[in-house]
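Report on one structure; see the data block that follows.
Numbered from 1 within each chain, the chains take letters A, B, ... in sequence-line order.
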There are 2 protein chains.
Amino acid sequence: MLTEVIHEMLTDRQLFLLQLLVNDYVVSAEPVGSRSIAKREDVTFSPATIRNELADLEEMGYLEKTHLSSGRVPSEKGYRFYVDHLLSPALLSDDELGNIRHAYHERLSETEELIRVTAKILSEFTNYTAIMLGPELLEMKLKHIQMVKLNQNQAVLIIVTDTGHVENRVVAIPKSINADDIEKIVNILNDKLNMVPLYQLQSRLNAEISGVLREHVRDYKRVMTLLNNSLTISDPEQIFYSGKNNMLAQPEFQDVDKIIPLLDVLEGKELIRELMSMPSNGLHIRIGRENKLNGIEDCSLITTTYSVGGEHLGTVAVIGPKRMAYPRVITLIDMVSKLLTENLNKQERHDR
Amino acid sequence: MLTEVIHEMLTDRQLFLLQLLVNDYVVSAEPVGSRSIAKREDVTFSPATIRNELADLEEMGYLEKTHLSSGRVPSEKGYRFYVDHLLSPALLSDDELGNIRHAYHERLSETEELIRVTAKILSEFTNYTAIMLGPELLEMKLKHIQMVKLNQNQAVLIIVTDTGHVENRVVAIPKSINADDIEKIVNILNDKLNMVPLYQLQSRLNAEISGVLREHVRDYKRVMTLLNNSLTISDPEQIFYSGKNNMLAQPEFQDVDKIIPLLDVLEGKELIRELMSMPSNGLHIRIGRENKLNGIEDCSLITTTYSVGGEHLGTVAVIGPKRMAYPRVITLIDMVSKLLTENLNKQERHDR
DNA sequence: TGTTAGCACTCGTTCTTCCTGAGTGCTAAT
DNA sequence: ATTAGCACTCAGGAAGAACGAGTGCTAACA
């Protein structure tokens, strides 16, 4: 790969050095000097030569110095180039592969559990933070609706989706409505709304169903406001975190003043929005300021997606320092998202 | 209060000084010296006198020095004495009172939501971390059980409790069992298990119900293992955190090496066990090493409980540094737990 | 006898100063 | 084109000085 002319300006040796330097910096977290590069067995030329090359790479914007006489550190452009052209996926040891597969063999029944396990594996094997966006609630389709009366005034409204997800909320039941009414209402809803995506529930209710209800049910008005209130799906995403505290172990975040804003951003809604705005297929990497979001300028975000039956279901993300073990994370996130997809489809296959 | 002889060994002036010193240290987080105490308006005697008194208090074990010539800091014994004898509950400003009451007026429908709001208020108004243990699932009683078929092989089992809580799990349905069977099973379960506490479900199933099932249902064996698996309530507690990151702002946890173990403990199961082991009524304070749990030696834990209809429901806890604003936290936790109880009982009252 | 002023002493903190070592760029020789 | 050599830079650590907030103790005082 190195022998091809990838970028018109860079010689093979420069490519080689850039790759070496990034690899080195990723593990050491210290600026890399010419001497330490020259010490490597596979480097035949002298520190002086390396200095010349590194100076050129710096001039072209791939490297930076932390101060006038320091070693070099990759710039964002450098990372970007590395990620785009110099990266070869990491290999996992048999041990690790075994452990990962093992974790999936435990239980493949519940979607949520599967996602949670995936997040945990990702964060534990990368030592960074994993964030998973679950299947979008709004895209799920209604499988069954049910009302269970708790007492004179309250009932639980239960919505089961085609994926087996269960939403529920407590609703106040007006005195004017009795058990028979409720049964009637629920029957109508189940009849008319079967397999309707949740985001359409409300509009369908008001368009098609209100008429039917008016005919068959007493106190039609109250029922409608009740249903309107409870069929609003407010929380559009399920979010699973794992390894939030892993960030604290990274040398770039030893300073408490950096940790607090970072953790705040990590848990904040903006990050989720950012994640949702990522392209919805394939693997994507955002390095440092490529994330428009404030507070994670020193972080990189790697995302991919998982799906079932070809349908986009959710997002898998790893966030870590810019100085990230990209090859390893890429391999892991790719593997894990495929395993997740695979397991979800295994469930699905049973269906038909 | 000060004029009574509370502790045979301590003079009124010593009590006064101890109280002053703790109050001061709680806000400043710096060892308190004789001079700074003497500066206060309500202190009429000189630094030298204060030094003598503080030396006595130190001898008796209520105070400590961080080094030979430093100011004094309360010892755990000092905090304990302060908490037991010197504390007067803090007053909240009308503004704060208003805000708190306002937060509760929003929605009083869902138990979980109510608990979550309470945790948020506590952490925001104390600037420490709030942990709430929700109603013990196992104590809840079964209100309704339901199975919704998702596809050929899977169904969702839904358990609704008397409190409106909904548990659900995906179960695999053996081919030998059809929709009619399921309906029969569910009807039997609803009939026999109504208002049975969740922790009894399994034993009741095996004792009383297995016989009935054997008579009415095909493939009795598979059904029993299926039910046995899914009626095991694994997660005995609902836990709500709020303000986990507030700890990071405390001066005693500026050091990253202290933060990591602290956050780990905070999220760990041992702490929850510790919380559950607290006496189940009234307000309780554990200072520093009084918590047997490793990792929170420098923290204090204040807990109380909330209930509905006189029945113990769950635990409210605030964890912060030993150097905690005890009066304020006590006032807040007390107030908030009462508001929570009140609101829960308001729901309850509707029932009868 | 309890209180206080005075004083010597301790020790953490901060500010310098100095030194070292790892790094650089540049120049001249190979 | 490469490299040895050299002067230069700069972060980081060590050593020391000065500071100041605190102490305990003693002696004087009301």
Side-chain angles (χ1 to χ4, degrees), chain A residues 9-18 20-22 24-25 27-75 78 251-252 254-255 323, chain B residues 9-18 20-22 24-25 27-75 78 251-252 254-255 323:
Chain A
M9 314 304 280
L10 292 186
T11 66
D12 281 1
R13 191 163 69 189
Q14 285 172 330
L15 294 173
F16 176 60
L17 284 172
L18 179 54
L20 234 57
L21 190 141
V22 174
D24 193 339
Y25 182 63
V27 313
S28 72
E30 303 269 301
V32 184
S34 56
R35 234 179 80 88
S36 73
I37 294 182
K39 266 186 204 144
R40 295 182 46 118
E41 282 187 0
D42 49 352
V43 172
T44 55
F45 29 92
S46 77
T49 310
I50 296 171
R51 279 202 291 282
N52 287 328
E53 296 284 33
L54 296 189
D56 288 349
L57 283 168
E58 184 179 354
E59 223 164 60
M60 291 185 275
Y62 295 108
L63 299 178
E64 283 170 354
K65 285 191 282 197
T66 59
H67 64 271
L68 195 62
S69 73
S70 78
R72 259 65 173 214
V73 157
S75 67
E252 28 270 279
Q254 286 306 295
D255 195 1
R323 181 191 59 74
Chain B
M9 312 304 279
L10 292 186
T11 66
D12 281 2
R13 192 163 68 187
Q14 286 172 329
L15 294 173
F16 176 59
L17 284 172
L18 180 54
L20 233 55
L21 190 141
V22 175
D24 193 338
Y25 182 63
V27 313
S28 73
E30 305 269 302
V32 183
S34 57
R35 236 179 78 90
S36 73
I37 293 182
K39 268 187 203 142
R40 295 183 44 119
E41 282 187 359
D42 48 352
V43 171
T44 54
F45 29 92
S46 76
T49 309
I50 297 172
R51 280 201 290 282
N52 287 328
E53 296 285 33
L54 296 189
D56 288 349
L57 283 168
E58 184 179 354
E59 223 163 60
M60 291 184 274
Y62 296 109
L63 299 179
E64 284 170 355
K65 285 191 281 197
T66 59
H67 64 271
L68 195 62
S69 73
S70 77
R72 259 67 172 213
V73 158
S75 67
E252 28 270 279
Q254 287 305 294
D255 195 2
R323 180 192 58 75

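Each of Pro47(B) and His67(B) was assigned the nucleotide of DNA chain C with the nearest heavy atom; the assignment lying further toward the 5' end belongs to Pro47(B). Residues Thr66(B) and Phe45(B) both approach DNA chain C. Their nearest nucleotides, taken by heavy-atom distance, put Phe45(B) toward the 5′ side.
Thr49(A) has a side-chain polar atom (N or O) that falls below the 4.0 Å cut-off from OP1 or OP2 of dT3(D).
Among all heavy-atom pairs drawn from Ser46(A) and Ala38(A), the shortest one is C-CB, 4.5 Å.
Rounded to whole Å, the distance from CZ on Arg13(B) to C1' on dG2(C) is 8 Å. Between the CD atom of Gln14(B) and the C1' atom of dG2(C) there is a distance of 13 Å, given to the nearest Å. Put simply, CG on Asp24(A) is 14 Å from C1' on dG23(C), counting in whole angstrom units. One can place CD of Glu30(B) at 14 Å from P of dG12(C), the figure rounded to the nearest angstrom.
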**Asked** Tell me, for nucleotides 22-30 of chain D in 5' to 3' order, what letter each nucleotide earns: B for a base near a protein heavy atom under 4.0 Å, S for only sugar-phosphate near one, - for neither?
**Response** BBB------
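Looking at heavy atoms from C-beta onward, Leu57(A) lies out of side-chain contact with Leu21(A) at the 4.5 angstrom threshold. Using a 4.5 Å heavy-atom cutoff, the side chains of Thr49(A) and Arg13(A) are in contact. When side chains are defined from C-beta on, Glu58(B) does not count as touching Glu64(B), because their heavy atoms never get closer than 4.5 Å. Between Leu63(B) and Leu18(B) there is a side-chain heavy-atom pair separated by less than 4.5 Å.
Distance OG/Ser34(B) to CZ/Arg72(B): 8.0 Å, rounded to 0.5 Å.
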